[in-house]
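Everything numeric in this text was worked out from a predicted model, so none of it was measured. Chain letters run A, B, ... following the sequence lines, proteins first and then strands; every chain starts at 1.
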Number of protein chains: 2
Amino acid sequence: MTQHRPTDLRRPLTLRDVSEACGVSEMTVSRVLRNRADVSPATREKVLAAARSLGYVPNKIAGALASQQVNLVAVIVPSLSNLVFPEVLSGISAGLEDTGLQPVFGVTNYSPEREEAVLYEMLSWRPSGVIMAGLEHTPAARAMLESAGIPVVEIMDTDGEAIDSVVGISHRAAGRQMAEAILAAGYRRIGFLGTKMPDDHRARKRMEGLLEGLEAHGLGLAETEFYQGGSALLKGREMTKAILERRPDLDFLYFSNDMIGAGGLLYCIEQGFDIPAGLGLAGFNGLDFLDGLPMRLATIDACRREIGEKAAAIIAGRGADGLVGGVFVELTPRLEPGDTIRRR
Amino acid sequence: MTQHRPTDLRRPLTLRDVSEACGVSEMTVSRVLRNRADVSPATREKVLAAARSLGYVPNKIAGALASQQVNLVAVIVPSLSNLVFPEVLSGISAGLEDTGLQPVFGVTNYSPEREEAVLYEMLSWRPSGVIMAGLEHTPAARAMLESAGIPVVEIMDTDGEAIDSVVGISHRAAGRQMAEAILAAGYRRIGFLGTKMPDDHRARKRMEGLLEGLEAHGLGLAETEFYQGGSALLKGREMTKAILERRPDLDFLYFSNDMIGAGGLLYCIEQGFDIPAGLGLAGFNGLDFLDGLPMRLATIDACRREIGEKAAAIIAGRGADGLVGGVFVELTPRLEPGDTIRRR
DNA sequence: CTGAAAGCGCTAACAT
DNA sequence: ATGTTAGCGCTTTCAG
């Protein structure tokens with residue numbers, strides 16, 4: 001580490017500086033900079049020229065305080081390392097494009113306490129809306145959201161009680177749907193592999209849905225295996241090895257996400273398992289990453305981008321037409337059987 | 001979509017509300033809420049109880065305007081779908097922990113114009129610092145950063161002229177380092193596979209470095225292949241097929257990132273190529289995802305997390321000790337030969 | 001179309 | 001340890 005060059009820390013420019021530079025009142029300068037129509041073209045040009053040449057950047061803090069309007073949307077997700085959430089965020093970005101609203105992201109690491117802290121921090125900037133992953137929050141977080149007086153959209157999950165609006169899929173139903181597909185294909189001895197994350201409620205609900213689906217046919221899970229941390233692909237491999245050594249009679253492995261599923265798939269291919277005839281596999285999410293694997297892993301698309309776009313639309317819509325009231329959107333995920341569930 | 005429940009939009013609470021609720025002056029309430037020491041325990045309790053029961057959330061907009069202090073750090077990256085940037089962000093989050101500073105993320109989609117727009121937007125909130133990926137910016141963006149009067153850290157890349165501080169690796173050197181390793185292992189007919197992204201300067205510099213390294217030994221690239229969009233793993237597969245069909249004599253493939261490298265590796269394994277004896281492969285980034293593949297792809301670690309942490313430390317350090325002046329940190333990436341470069 | 005006055009909700013600086 | 005005053009930089013409102 002070496003020092004190389006000093007930075008000067010001068011006072012940021014204000015409207016007044018621009019006003020003095022072009023001889024127009026602060027008020028009119030403000031009008032020009034907010035693109036308001038009621039300014040003569042001549043004045044407008046003069047002001048813009050001055051602002052540009054000075055390098056003026058408006059102070060939104062002052063603007064927001066005066067106008068009581070903040071064009072920010074707080075977006076709170078559990079993780080960025082999951083590949084799932086970045087796609088949701090990109091959907092939100094796209095949905096907010098040209099609305100004048102700007103997303104601001106916060107990450108909770110699947111901790112309810114951190115979620116509460118991040119939410120508090122973000123609400124203190126008085127955003128125009130909040131988009132949060134999941135329906136499970138601390139009581140304090142719920143209270144803050146309910147009394148914030150702004151639209152709140154809970155995303156990804158529809159199994160639970162909403163605060164305001166919801167856009168997501170039913171993970172429980174996705175689990176059941178997979179159970180149906182597995183049983184319909186004739187598999188009977190089913191193993192479940194997932195993350196050891198008490199606060200990943202969606203993964204839990206998928207597993208519960210799977211169980212419900214199996215139990216409806218008088219079956220249960222033959223075996224389970226959980227992990228935490230590390231490279232998901234590698235963990236998928238290791239868990240698969242472990243579960244199959246413990247229970248060589250299993251004929252289907254359901255992975256709680258595509259990444260560990262891909263690891264399991266690679267392992268099974270290497271070991272020469274007869275897929276899908278002798279052993280079936282499935283994951284969850286519908287990551288396009290699966291397209292490049294030796295076989296297409298069966299999966300259920302989580303509609304990540306669409307969820308982001310719809311959530312953004314709800315927040316944006318509110319501002320526009322003054323619509324008030326929760327909206328409930330449940331998307332229907334598609335099961336993609338790929339090459340790892342046998343067809344009958 | 002169905003309407004289900006109305007939301008009430010009431011006025012947010014102010015300090016005055018809390019003040020009236022507990023019979024303590026606004027000023028003292030403010031002191032309590034900012035955890036200042038000069039308040040009696042009794043008053044403190046009274047105020048906290050009132051604030052909690054009302055559900056008061058401070059208005060940071062007003063606070064920031066009054067104190068001229070904003071505890072936000074603007075972080076601008078080209079993409080979130082890359083897996084590389086989420087790790088940097090997580091390093092930044094970690095590095096900012098317990099500093100009182102909060103990261104705020106913006107995404108540019110590798111567009112200089114979008115970068116400029118996002119930067120303008122973020123600077124208008126007067127953050128305490130800026131962390132940006134890369135050294136290439138529009139002239140307007142450079143001007144804004146130079147005159148913002150706040151610490152600026154450009155990350156990931158050290159090959160170019162800095163505005164203020166820099167934390168990164170030399171991608172050109174990484175390319176050269178890989179060239180040396182390839183040549184030392186005895187490979188001679190080298191193909192390059194990368195993205196068709198004029199604005200991904202780091203990928204470009206890696207390729208240039210590779211070329212320099214090869215040319216220093218009187219060699220060049222035998223063949224190149226570029227792609228854009230789609231599933232990187234699948235593209236890696238397809239590009240590898242294409243380049244090897246065109247030039248079956250190639251004995252080494254250098255991929256500009258690990259994801260397409262992994263796709264290429266899977267393809268080559270399936271095709272029965274003799275790796276690494278007959279054909280060598282290498283990627284870039286050091287993603288831990290590689291751990292789960294059938295063979296370990298050679299790669300160079302991009303020090304993503306460490307870069308994030310160091311950048312955060314620089315921003316945080318400035319505030320504390322009033323340090324002024326750019327810091328230059330060049331990390332030395334480690335080459336991990338894995339199983340896909342032959343050892344001599 | 002342009003300007004002047006008032007004030008957004010909070011905190012710095014100064015009392016007490 | 002607590003209260004009072006002034007003002008952060010902008011926009012709203014109202015006058016011209």
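A residue-by-residue look at V57(A) and T43(B) shows that T43(B) has its nearest nucleotide of DNA chain D further toward the 5' end. Checking V24(B) against G63(A), the closest nucleotide of DNA chain D that is more toward the 5' end is the one next to V24(B). With the nearest nucleotide of DNA chain C identified for both Q68(A) and R31(A), R31(A) has the one nearer the 5' end.
Here the P atom of nucleotide dC10(D) and the CE atom of M27(A) are 11 Å apart, to the nearest Å. When rounded to the nearest whole Å, the span between CD1 of I61(B) and P of dG9(C) equals 10 Å. Atom CG in L15(A) sits roughly 10 Å away from atom P in dG9(D) (whole-Å rounding). When rounded to the nearest whole Å, the span between NZ of K60(B) and C1' of dT11(C) equals 14 Å. Between the CZ atom of R34(B) and the C1' atom of dT2(D) there is a distance of 13 Å, given to the nearest Å. A straight line from CG of N59(A) to C1' of dC10(D) spans 8 Å, rounded to a whole angstrom. Remark: C1' of dT11(D) and CG of N71(A) are 15 Å apart, rounded to the nearest angstrom. For the pair E45(B) CD and dA1(D) C1', the computed distance is 16 Å after rounding to whole Å.
Contact of the L145(B) side chain with the M132(B) side chain is registered, since non-hydrogen atoms from C-beta on lie closer than 4.5 Å.
Evaluated for a side chain to side chain contact (heavy atoms under 4.5 Å, CB included) with S19(A), the options V29(A), V24(A), T14(A) yield exactly one hit, V29(A).
Distance from the side chain of A66(A) is smallest to dG9(D) among dT2(C), dG9(D), dT11(C). When each of dC10(D), dT2(C), dC10(C) is scored by its nearest atom to the side-chain atoms of A62(A), the top-ranked nucleotide is dC10(D). Among the nucleotides dG9(D), dT12(D), dC10(D), the one closest to any side-chain atom of E26(A) is dC10(D).
A distance of 10.0 Å separates CE of M144(B) from OG of S124(B), quoted to the nearest 0.5 Å. R114(A) contributes atom CZ, which lies 7.0 Å from atom OG of S93(B) (distance to the nearest 0.5 angstrom). With rounding to the nearest 0.5 Å, the separation of CD in Q102(A) from CD in E121(B) is 4.0 Å.
Contact annotation: T28(B) reaches the phosphate of dG3(D) (side-chain N/O to OP1 or OP2, under 4.0 Å). For the pair T14(B) and dG9(C), the criterion of a side-chain N or O lying under 4.0 Å from OP1 or OP2 is not met. The shortest distance between the side-chain N/O atoms of S40(A) and the OP1/OP2 oxygens of dT2(C) is below 4.0 Å. At least one side-chain nitrogen or oxygen of S25(B) sits closer than 4.0 Å to the OP1 or OP2 atom of dG3(D). Using a 4.0 Å cut-off, no side-chain N or O of Y56(A) falls inside it from OP1 or OP2 of dG9(D).
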